[in-house]
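Predicted model only: the values in this text are computed from it and were never measured.
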There are 2 protein chains.
Amino acid sequence: MPADRSQGGRPTISEVAAEAGVGRATAARTLGGYGYVSPELRERVLAAAEKLGYRTNALARSMSTGVSHTLGVILADIGNPFFAGVMRGISDASRARGFDTIVLSTYERLDEEVAATDVLIDKRVDGVIIASAAVGRDEVKHIRAAMGRGIPIVLVDRAVTPLDLDTVVIDNRGAAREAVEVMISAGHRRIGFVWGPSSVSTPVTRRALLETARNVWTDGERLRGYLDALDDARIPLDPELVMTGPKTEEWATQEVARMLALPDRVTALFCTETDAVTGALRAVRAAGLSCPRDISLIGFDDSAWAAVMEPPLTMIEQPVRQLGAKAAEVLLDVLDGGEPRHEVHTLSSRLITRASVAPPGKGTFYSQQSKP
Amino acid sequence: MPADRSQGGRPTISEVAAEAGVGRATAARTLGGYGYVSPELRERVLAAAEKLGYRTNALARSMSTGVSHTLGVILADIGNPFFAGVMRGISDASRARGFDTIVLSTYERLDEEVAATDVLIDKRVDGVIIASAAVGRDEVKHIRAAMGRGIPIVLVDRAVTPLDLDTVVIDNRGAAREAVEVMISAGHRRIGFVWGPSSVSTPVTRRALLETARNVWTDGERLRGYLDALDDARIPLDPELVMTGPKTEEWATQEVARMLALPDRVTALFCTETDAVTGALRAVRAAGLSCPRDISLIGFDDSAWAAVMEPPLTMIEQPVRQLGAKAAEVLLDVLDGGEPRHEVHTLSSRLITRASVAPPGKGTFYSQQSKP
DNA sequence: TGGGATGCTGATACCGGTATCACGCGGAGG
DNA sequence: CCTCCGCGTGATACCGGTATCAGCATCCCA
């Protein structure tokens, strides 16, 4: 006997059929909206269903059709406004096409990501959208396994190089480069990179930085963009100006404080995430400096707050919802029978210029005689 | 024949049994972890499962057990940081107890809420958590229907008075009252209420305000708290100081601008949501006024940004994740066989005092000779 | 008026698990 | 030595849908 679930008023198709005085198949055809049923019987079935308050059991339907009309979504953290926005895009787009979503957060832990994939496979979702923390060849086994089971997968926000999958991202590298270029053309040469490489052994080399930045794809890309801009302007990388360690607001404050205390201190800060921005701002305030007079700043992820800051902050705006919506769309298209294109869809971000960048001020330790 | 789903490597329990050379039931007992199986056969089954890459079909299991280990969550907007935080709490707490979650957003539309409830019933979730937009007796039919089907339901963030359900909220009224009291004791008497009643016919009466504020429970409670504080201080309600109309940042800016242009203008603003805060701040800036010299401000929903504003903003912090976690916990407890207690769990919020409240400044139109 | 085509309906075999129960086997007791 | 009991195992009937197909009724036409 199945477990004791009080069947409190959950009539089955058989009961509806009995009530209507027709065969089970006829009731099923009517309620399922397939096959033919004469208007008269259809009417009787509908009436019976209405009377009994019949609701079709989606589980049973999925069992038999093999389709669950459910998408799985694996994100770093649903509580993070960025991912919440992405999720909203996914949610809206899939709901519009009759799909619901199961969300799982990984907190950037690979084991959680693997577990999440398993859960979704078990629950027989029709497709999966992942913002993966995986990077190396040996970290993508779970994704390969899911693909092997024939589950369509779309990557969002983060590309995973060893995988040939549809991917929806923004041009993180280009966006970072543009932001840093803006600072450089304002005259800055001591530009801090806040947030990113999560841990690194000192002394820090360029290679080591890029190595650990691989932890999360976006971080690596943004670091690369920062380096691109530096390279173009022939400004040598100073590892002291790159934050390492845990990616928390508190640590960002510490690191920026350190960069501010350097003999040849930073005059501009490039922050790769919103918590990095607030963390940096705290350090700037604590040092008694003011933005943009003493310190210029540009950060990733615009928000309503950034616009009402004093000064209004120049920020990089990501098309958060579209990121999610596009990912869902691509996935649903292959579920609708379309061929997976395995291409990278790059949505465009936008640098919103406000007032947090100015030429490096006087009264700073900035030395004018750096190499040309 | 079931639809053509390429069964690419999704072995069933029968195939595992065949591979292991045992009966289906024995394989099922081993893999399902119930009943007895001799160590020897168990070993063979496990090996076969491993070899074939067997994963149990959660759908089939749910069909037969009647339990899906899935919770349904209905929120106003998963893209809103507040609800994202609540969702994270729900998600973490349920995952810790083996449950996954399907999230649906309603955007405060009752029809969406009803549709969402239906979806969740159809998908046979084991329980539902709702931040409902429903208020009146005739607006809760869908919830009653779900209850009638024996689905445990817990309300989060918003109470629904006509329903006797477990409910997890904060003391919105008390929190609002406290915030307004702080402003009053700083000397303010012209205090604006930003965000809330969504539409109202002019002339606006106290009754009409409370009537429309019923749209969303939290709005109503916060308005009541505002009135409480006013009443205690014997400050008459001036409807001109209560924002009405659409709840958008832009409209908040407009409304605050209006209140600022009043002959006897506001000297303090109480904002019931974070977008209301940023909207209000925009208007304050545009009017060339400064906070807290000319205008004091307190808002709901603290964030990292509020702390780095100039000045740092005094805000009400809600225990966002705990709100979700507690709701999930209560729900899971009844799923574990506990009796529903039908009680209201009130978590405590906290007024974080920073620097956005000061006595009404000179140079304002504030009249000292209001009634005592 | 008989034969075939066509139209509707209801039996029934799935889907992949869970849970009950009957059966066969070996050991203990009479 | 036979019976009874217990244990481990495999058959099998569910869960609630979908989808196939047989079968009966009707209709058309020769």
Side-chain angles (χ1 to χ4, degrees), chain A residues 1-7 9-45 48-49 52-69 121-124 126 149, chain B residues 1-7 9-45 48-49 52-69 121-124 126 149:
Chain A
M1 199 185 315
D4 170 42
R5 55 209 139 130
S6 46
Q7 294 265 20
R10 301 206 199 173
T12 72
I13 223 164
S14 302
E15 299 176 55
V16 173
E19 174 74 25
V22 302
R24 203 156 77 96
T26 303
R29 271 193 297 267
T30 307
L31 270 3
Y34 59 94
Y36 182 94
V37 179
S38 67
E40 189 202 328
L41 290 193
R42 154 181 304 274
E43 206 46 54
R44 289 206 340 241
V45 171
L52 267 40
Y54 172 82
R55 294 251 83 211
T56 151
N57 182 333
L59 250 40
R61 173 175 291 168
S62 299
M63 268 300 302
S64 122
T65 58
V67 174
S68 63
H69 284 278
I121 291 177
D122 290 357
K123 296 231 161 148
R124 295 303 192 264
D126 295 331
R149 286 186 145 82
Chain B
M1 196 185 315
D4 170 43
R5 56 208 138 128
S6 45
Q7 295 264 19
R10 301 207 201 171
T12 71
I13 223 165
S14 302
E15 299 177 54
V16 173
E19 173 74 26
V22 303
R24 204 157 76 95
T26 303
R29 271 193 296 266
T30 308
L31 270 4
Y34 60 96
Y36 181 94
V37 179
S38 66
E40 190 203 328
L41 289 194
R42 153 180 304 275
E43 207 44 57
R44 289 209 337 243
V45 171
L52 266 39
Y54 172 81
R55 294 251 82 208
T56 150
N57 183 332
L59 249 40
R61 173 174 292 168
S62 298
M63 269 300 301
S64 125
T65 57
V67 174
S68 64
H69 284 278
I121 291 177
D122 290 357
K123 296 230 162 149
R124 295 302 192 263
D126 295 330
R149 286 187 144 83

Closest to the [X] side chain: [options]?
X	options	result
A/Tyr34	D/dG17, C/dT9, D/dA19	D/dA19
B/Val22	D/dT18, D/dT9, D/dG10	D/dG10
A/Thr56	C/dT9, D/dG17, C/dG17	D/dG17
B/Tyr54	C/dG17, D/dG16, C/dT9	C/dG17
B/Thr65	C/dG10, D/dG17, C/dT18	C/dT18
A/Tyr36	C/dT9, C/dT18, D/dT9	C/dT9

Distance-only donor-acceptor pairs under 3.5 Å for side chains of residues 21-34 of chain B, two or more places apart:
| unit_1 | atom_1 | unit_2 | atom_2 | d |
| --- | --- | --- | --- | --- |
| B/Arg29 | NE | B/Tyr36 | O | 3.3 |
| B/Thr30 | OG1 | B/Thr26 | O | 2.9 |

Sorted by chain and number, sequence neighbours left out, side-chain hydrogen bond (donor to acceptor under 3.5 Å, both in side chains) with B/Asn57 holds for none
Pick out the pairs of N or O atoms, protein on one side and nucleotides 11-13 of chain C on the other, that lie under 3.5 Å.
| unit_1 | atom_1 | unit_2 | atom_2 | d |
| --- | --- | --- | --- | --- |
| C/dA13 | N6 | A/Arg24 | NH2 | 3.3 |

task = Could you tell me the separation between the CD atom of B/Glu15 and the P atom of C/dC14, rounded to a whole number of Å?
result =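 Going from CD in B/Glu15 over to P in C/dC14 covers 15 Å.
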Quiz item: Can you list the residues that meet the side-chain contact (heavy atoms from CB on, under 4.5 Å) rule with B/Glu43, with sequence neighbours excluded?
Solution: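 Scan of B/Glu43 (side-chain contact (heavy atoms from CB on, under 4.5 Å), adjacent residues dropped) gives none.
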Taken in chain and number order and not counting sequence neighbours, the residues that satisfy side-chain contact (heavy atoms from CB on, under 4.5 Å) with A/Ala58 are B/Asp122, B/Lys123
Just to be sure I understand the rule, does B/Leu31 reach a base, reach only the sugar-phosphate, or reach nothing, if contact means heavy atoms closer than 4.0 Å?
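No contact.
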Item to check | Angle between terminal axes - the helix from C/dT1-D/dA30 to C/dG30-D/dC1, 5 pairs each end, rounded to 10° | outcome: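 Answer for the end axes of this duplex: 70°.
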